[in-house]
Peer 1: 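This structure is in C-alpha cells; I'll ask about it shortly.
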Amino acid sequence: MVVVGVLAVAALAGWLYLAFGHGGFWRTGPGLPDAADPDAWPDVVAVVPARDEAAVLPDTLPTLLAQEYPGRFRVVLVDDGSGDGTGEAAVRLADGNPRLRVVAAGERPPGWAGKVWAMSEGVRAAGEPGHLLFTDADIAYRPGTLMRLVRVAAAERRDLVSLMATLNTRTRWERVIVPAFVYFFAQLYPFRRVTRDGARTAAAAGGCMLVRRAALAEAGGLAAIRDALIDDVAMGRLVKRAGGRCRLDLARDVVSRRPYPRLADLWAMIARSAYHQLRYSPALLAGTVLGLVLLYAVPPAAAGAGLAAGDGAVLAAGALGWSLMALTYTPMLRFYGLSPLRAPALPLVALMYAAMTLDSARRHRAGQGGAWKGRTAATPLKR
C-alpha cells in the first residue's frame with residue numbers, strides 16, 4: 001500500500017497541475033469572437049487536398065463553394081492521385097461555379113509527405129492571394145464561417161487562425177473515442193497557450209487553417225514541413241516559431257463528415273500518426289505509455305485498493321485524482337452532447353490510447369507507418 005499511496009499522490013499532483021495550471025486545456029469555449037469587418041477584404045484561396053474523396057464531397061464541397069464573402073474567394077481542389085473519380089465528382093458538384101478549379105497533383109518528389117505535397121501543389125495553383133485557407137475534403141462549413149475567420153485574423157492581426165472541426169459521434173465507438181481524442185489533443189496543445197503570444201506551445205487543426213500567405217512564405221513555405229505526417233501541428237509550429245501570431249479554437253463552425261463506424265477505423269486513424277508525434281523515439285514512447293498509466297489508471301486503481309484495504313489516505317488521493325480527471329473531461333462530453341456519466345470511464349479509454357500508441361510503433365517497425373489510402377509515410381528527413 002505504500003507504493004500504491006506514493007503513485008496515487010504523484011497522480012493527484014499531476015491532476016492538480018493539469019486542472020489548474022495547464023492553460024485551462026479542458027475548456028471548450030467560447031470559440032471565435034465577434035469582430036468588425038476589415039478595412040479591405042483580402043483575396044482568399046481555399047486549398048483542398050483530396051485523395052479518393054468522391055463519396056464525401058457531396059456533403060462538404062458545396063458548403064465551401066457557397067460561402068458568402070465580400071472579397072475575392074476561390075477554391076483549388078487538388079486531386080491527389082485518386083482512383084475513384086474525385087476530380088470529376090468535384091467538377092459535377094460545382095456545376096459551373098467559377099470559384100472552383102480542380103488540379104491534378106504532380107509526381108511526389110522524394111522526402112515529401114503525400115498530403116503536404118498536395119497542399120503545395122494547391123498553393124502553386126492559387127497564385128498570390130492575401131490568405132490561404134487549408135481545409136480537408138471531409139470538412140463542411142456553416143454559412144458565414146469564412147467571413148468570421150477573416151474578421152478575427154484582421155482584427156487580432158493573426159497570421160494563422162485555425163478551428164478544430166467537430167467530429168462525428170454518431171456510432172457507439174465514435175462516442176467512446178472521439179471526445180477523448182479532442183480532449184487529449186487539447187491536453188498536449190492547450191488552445192489558450194497556442195493563442196498566447198510568447199508561449200512556446202504551437203499547433204493548429206488541419207481541417208481549417210486560414211494562413212496569411214506572406215507569413216507562410218517568410219517562415220519557409222510548405223517545403224519547410226515537407227515530411228510532416230501531422231501537417232497541422234507542423235504548420236502551427238512553423239508559423240509561430242517564425243514570429244507569427246496564431247489562434248486555435250474549438251468550434252462548431254466546421255464539421256467533419258468523415259465517418260468512423262468501426263473501432264478498427266478509429267484505431268487506424270490514431271495509430272497512423274501517434275509514433276510520428278513521438279518522433280519515432282522509443283524513450284518518448286515508453287514515457288508516454290507510463291505517463292498515461294500513472295495519470296489515468298493509477299487514480300481509480302488506488303481508490304479501489306484504498307477502499308479494499310481500509311486505507312483512507314490512499315482512497316482519498318485516488319478518488320480526488322479520479323474526480324479531477326472526470327471533471328476536466330466533462331466539458332468535452334457536453335460539447336459533443338454526451339452524458340457526463342461517461343467521464344469516470346476515461347481511464348479505460350486512455351488505456352486504449354496507450355495500446356494504439358504501442359501499435360503505432362509496431363506498425364512503424366513493420367514498415368507500415370503512416371499508412372493512409374494506399375500510401376505509407378516516408379522516412380523522416382534529418383534537419
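Numbers here simply count residues along the sequence, with the first being 1.
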Peer 1: State, to 0.1 Å, how close L333 and P179 come at their nearest heavy-atom pair, and which atoms those are.
Peer 2: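 Distance-wise, the nearest heavy atoms are CD2-CB, 4.2 Å.
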Peer 1: Mind checking whether M332 and W26 have side chains closer than 4.5 Å, heavy atoms only?
Peer 2: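 No. Closest side-chain heavy atoms not under 4.5 Å.
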Peer 1: Is any side-chain heavy atom of T357 closer than 4.5 Å to one of D359?
Peer 2: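 No - every pair of side-chain heavy atoms lies 4.5 Å or more apart.
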Peer 1: Between T328 and M325, is there a donor-acceptor pair closer than 3.5 Å when you use the side chain of the first and the backbone of the second?
Peer 2: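 Yes; judged by distance alone, with no hydrogens or angles, the pair exists.
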Peer 1: Just wondering, do V56 and L61 contact through their side chains at under 4.5 Å, heavy atoms?
Peer 2: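 In short, these two side chains do not touch, never coming nearer than 4.5 Å.
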Peer 1: Start with the C-alpha distance between Y275 and R365, add both sets of side-chain angles, then the distance that settles side-chain contact (heavy atoms from CB on, under 4.5 Å), and finish with yes or no.
Peer 2: CA-CA 10 Å; Y275 197 43; R365 292 185 178 276; 4.0 Å; yes
Peer 1: So how far is it from L290 CG to T288 OG1, rounded to the nearest 0.5 Å?
Peer 2: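 Taking CG in L290 and OG1 in T288, the distance rounds to 9.0 Å.
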Peer 1: Going by atom types only, do S256 and D138 share a side-chain donor-acceptor pair under 3.5 Å?
Peer 2: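 Yes - a donor-acceptor pair under 3.5 Å links their side chains.
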Peer 1: Before giving the answer on side-chain contact (heavy atoms from CB on, under 4.5 Å), spell out for L57 and L77 the whole-Å C-alpha distance, their side-chain angles and the decisive distance to 0.1 Å.
Peer 2: CA-CA 11 Å; L57 283 178; L77 184 139; 4.1 Å; yes
Peer 1: Just verifying a value: how many Å separate D159 CG and R212 CZ, rounded to the nearest 0.5 Å?
Peer 2: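 Nearest 0.5 Å value for the CG-CZ distance: 4.5 Å.
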Peer 1: Using a 3.5 Å distance criterion without hydrogens, assess whether the side chain of T60 forms a donor-acceptor pair with backbone atoms of A137.
Peer 2: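 Checking the backbone N and O of A137 against the side chain of T60, a donor-acceptor pair under 3.5 Å is found.
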Peer 1: Step by step, work out the side-chain contact (heavy atoms from CB on, under 4.5 Å) result for L238 and L216.
Peer 2: CA-CA 8 Å; L238 178 70; L216 177 59; 3.9 Å; yes
Peer 1: To the closest 0.5 Å, what do you measure between CZ (R148) and CG (D253)?
Peer 2: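 One finds 4.5 Å between CZ of R148 and CG of D253.
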Peer 1: For a quick test of reading the model, state the closest non-hydrogen atom pair linking A202 to G236 and the distance between them.
Peer 2: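 Looking at all heavy atoms of both residues, the shortest contact is CB-O, 3.7 Å.
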Peer 1: Are V78 and V48 close enough, and set up right, to give a side-chain contact (heavy atoms from CB on, under 4.5 Å), and what steps lead you there?
Peer 2: CA-CA 6 Å; V78 183; V48 186; over 6 Å; no
Peer 1: Rounded to the nearest 0.5 Å, what separates atom CG in D232 from atom CG in L160?
Peer 2: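 One finds 10.0 Å between CG of D232 and CG of L160.
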Peer 1: If you count the non-hydrogen atoms of other residues, nucleotides and ligands that lie under 6.0 Å from CZ in R362, is the total more than 12?
Peer 2: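 Enclosed: over 12 neighbouring heavy atoms sit under 6.0 Å from CZ of R362.
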Peer 1: Between S162 and M209 (side chain of the first, backbone of the second, donor and acceptor by atom type, cut-off under 3.5 Å), is there such a pair?
Peer 2: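 No.
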Peer 1: Please report the C-alpha distance between D227 and W112 in whole Å, then the side-chain angles of each, then the deciding distance to 0.1 Å, and finally whether the side-chain hydrogen bond (donor to acceptor under 3.5 Å, both in side chains) criterion is met.
Peer 2: CA-CA 5 Å; D227 62 336; W112 282 77; over 6 Å; no
Peer 1: Indicate yes or no for a side-chain donor-acceptor contact from T145 to the backbone of Y141 under 3.5 Å, with no hydrogens or angles considered.
Peer 2: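 Between the backbone of Y141 and the side chain of T145 there is no qualifying donor-acceptor contact (under 3.5 Å).
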Peer 1: Are any of the side-chain nitrogens in D136 or K115 under 4.0 Å away from the carboxylate oxygens of its partner?
Peer 2: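 Yes, charged N to carboxylate O under 4.0 Å.
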Peer 1: If two hydrophobic side chains count as joined below 4.5 Å and joins carry through other members, does L188 share a cluster with F335?
Peer 2: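 L188 clusters together with F335.
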Peer 1: Kindly check if the number of other-residue, nucleotide or ligand heavy atoms within 6.0 Å of CZ (F184) is above 12?
Peer 2: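 Result for CZ/F184: enclosed.
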Peer 1: Measure from the side-chain N and O atoms of T171 to the backbone N and O of E174, and report whether any donor-acceptor pair falls under 3.5 Å.
Peer 2: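 Present.
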Peer 1: Looking at A50, is its backbone amide N or carbonyl O close enough to the side chain of E53 to form a donor-acceptor pair, meaning the two atoms are under 3.5 Å apart?
Peer 2: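 No, because the side chain of E53 does not come within donor-acceptor range (under 3.5 Å) of the backbone of A50.
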Peer 1: Taking CG in D34 as the centre, count heavy atoms belonging to other residues, nucleotides or ligands within less than 6.0 Å. Is the count above 12?
Peer 2: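 Result for CG/D34: open.
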Peer 1: Between CG of D59 and CD1 of I139, what distance do you get to the nearest 0.5 Å?
Peer 2: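 Here the rounded value is 12.0 Å.
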Peer 1: Classify the ring geometry between Y280 and H276 as parallel (under 30°), tilted (30 to 60°) or perpendicular (over 60°).
Peer 2: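 Y280 and H276: perpendicular rings.
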Peer 1: Counting distance only, does the side-chain N/O of T135 pair as donor-acceptor with the main-chain N or O of G207 below 3.5 Å?
Peer 2: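 Side chain of T135 to backbone of G207, a donor-acceptor pair under 3.5 Å: yes, one is there.
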Peer 1: Are any of the side-chain heavy atoms of V298 and P347 separated by less than 4.5 Å?
Peer 2: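 Answer no - side chains too far apart.
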Peer 1: Per the ring pair (Phe, Tyr, Trp, His ring centres under 6.0 Å) rule, which among Y183, Y296, W322 passes with Y329?
Peer 2: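 With Y329 as partner, ring pair (Phe, Tyr, Trp, His ring centres under 6.0 Å) holds for just one option, Y183.
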Peer 1: Counting only heavy atoms not in R101 (residues, nucleotides, ligands), do more than 12 fall under 6.0 Å from its CZ?
Peer 2: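 Atom CZ in R101 is not crowded, with 12 or fewer foreign heavy atoms closer than 6.0 Å.
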Peer 1: Looking at E68 and P143, would you say the former's side chain and the latter's main chain have a donor-acceptor pair under 3.5 Å?
Peer 2: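 Between the backbone of P143 and the side chain of E68 there is no qualifying donor-acceptor contact (under 3.5 Å).
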Peer 1: For residues A205 and M164, report the shortest heavy-atom separation together with the two atoms involved.
Peer 2: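 Taking every non-hydrogen atom into account, CB-CA, 3.6 Å.
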Peer 1: Write down the atom of A224, the atom of A219, and the distance for their closest heavy-atom approach.
Peer 2: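 A224 and A219 have their closest heavy atoms at CB-O, 4.3 Å.
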Peer 1: Check whether L18 and L250 end up in the same hydrophobic cluster, where Ile, Leu, Val, Met, Phe, Trp and Tyr are linked by side-chain heavy atoms less than 4.5 Å apart.
Peer 2: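 Yes; L250 is reachable from L18 via cluster members.
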Peer 1: Aromatic rings H22 and Y17: how do their planes relate, parallel, tilted or perpendicular, breaks at 30° and 60°?
Peer 2: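 Ring orientation of H22 relative to Y17: tilted.
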Peer 1: Verify whether the ring centers belonging to Y69 and W41 lie closer than 6.0 Å.
Peer 2: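 Distance test on ring centres: under 6.0 Å, yes.
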Peer 1: Do I177 and I230 land in one hydrophobic cluster if side-chain heavy atoms of ILVMFWY residues count as linked below 4.5 Å?
Peer 2: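 Yes; I230 is reachable from I177 via cluster members.
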Peer 1: In Å and rounded to the nearest 0.5 Å, what is the CG to CG distance from D79 to D84?
Peer 2: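 Output value for this atom pair is 8.0 Å.
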Peer 1: If Ile, Leu, Val, Met, Phe, Trp and Tyr residues are connected whenever their side-chain heavy atoms lie under 4.5 Å apart, and connections chain through other members, are I270 and M352 in the same group?
Peer 2: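 Yes, one cluster joins them.
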Peer 1: Please give me the minimum heavy-atom distance between P42 and V150, naming the atom from each residue.
Peer 2: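 Scanning both residues completely, I find the closest heavy atoms to be CD-CG1, 3.7 Å.
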Peer 1: Can you tell if the side chain of V161 reaches within under 4.5 Å of the side chain of L32, non-hydrogen atoms only?
Peer 2: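 Yes, close enough: below the 4.5 Å cut-off.
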Peer 1: Is V75 linked to L163 within one hydrophobic cluster, defined over Ile, Leu, Val, Met, Phe, Trp and Tyr using a side-chain heavy-atom separation of less than 4.5 Å?
Peer 2: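 Per the 4.5 Å side-chain linkage, V75 and L163 are co-clustered.
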Peer 1: Report yes if the side chains of Y353 and F181 come closer than 4.5 Å at any heavy-atom pair, otherwise no.
Peer 2: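 The answer is yes; the side chains approach within 4.5 Å.
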Peer 1: State, with a plain yes or no, whether a side-chain heavy atom of L12 is found less than 4.5 Å away from one of P299.
Peer 2: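 No, their side chains stay 4.5 Å or more apart.
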Peer 1: So, the side chain of R51 versus the backbone of D80: is there a donor-acceptor pair under 3.5 Å, distance only?
Peer 2: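 Yes: the side chain of R51 pairs with the backbone of D80.
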Peer 1: Could you check whether any side-chain N or O of R158 sits under 3.5 Å from a backbone N or O of R245, counting only pairs where one atom can act as donor and the other as acceptor?
Peer 2: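 No.
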Peer 1: Which atom names give the shortest non-hydrogen contact between R151 and A35, and what distance separates them?
Peer 2: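 Residues R151 and A35, closest heavy atoms: CD-O, 3.1 Å.
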Peer 1: Does a side-chain heavy-atom distance below 4.5 Å link R262 with L266?
Peer 2: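 Contact flag for R262/L266 side chains = no.
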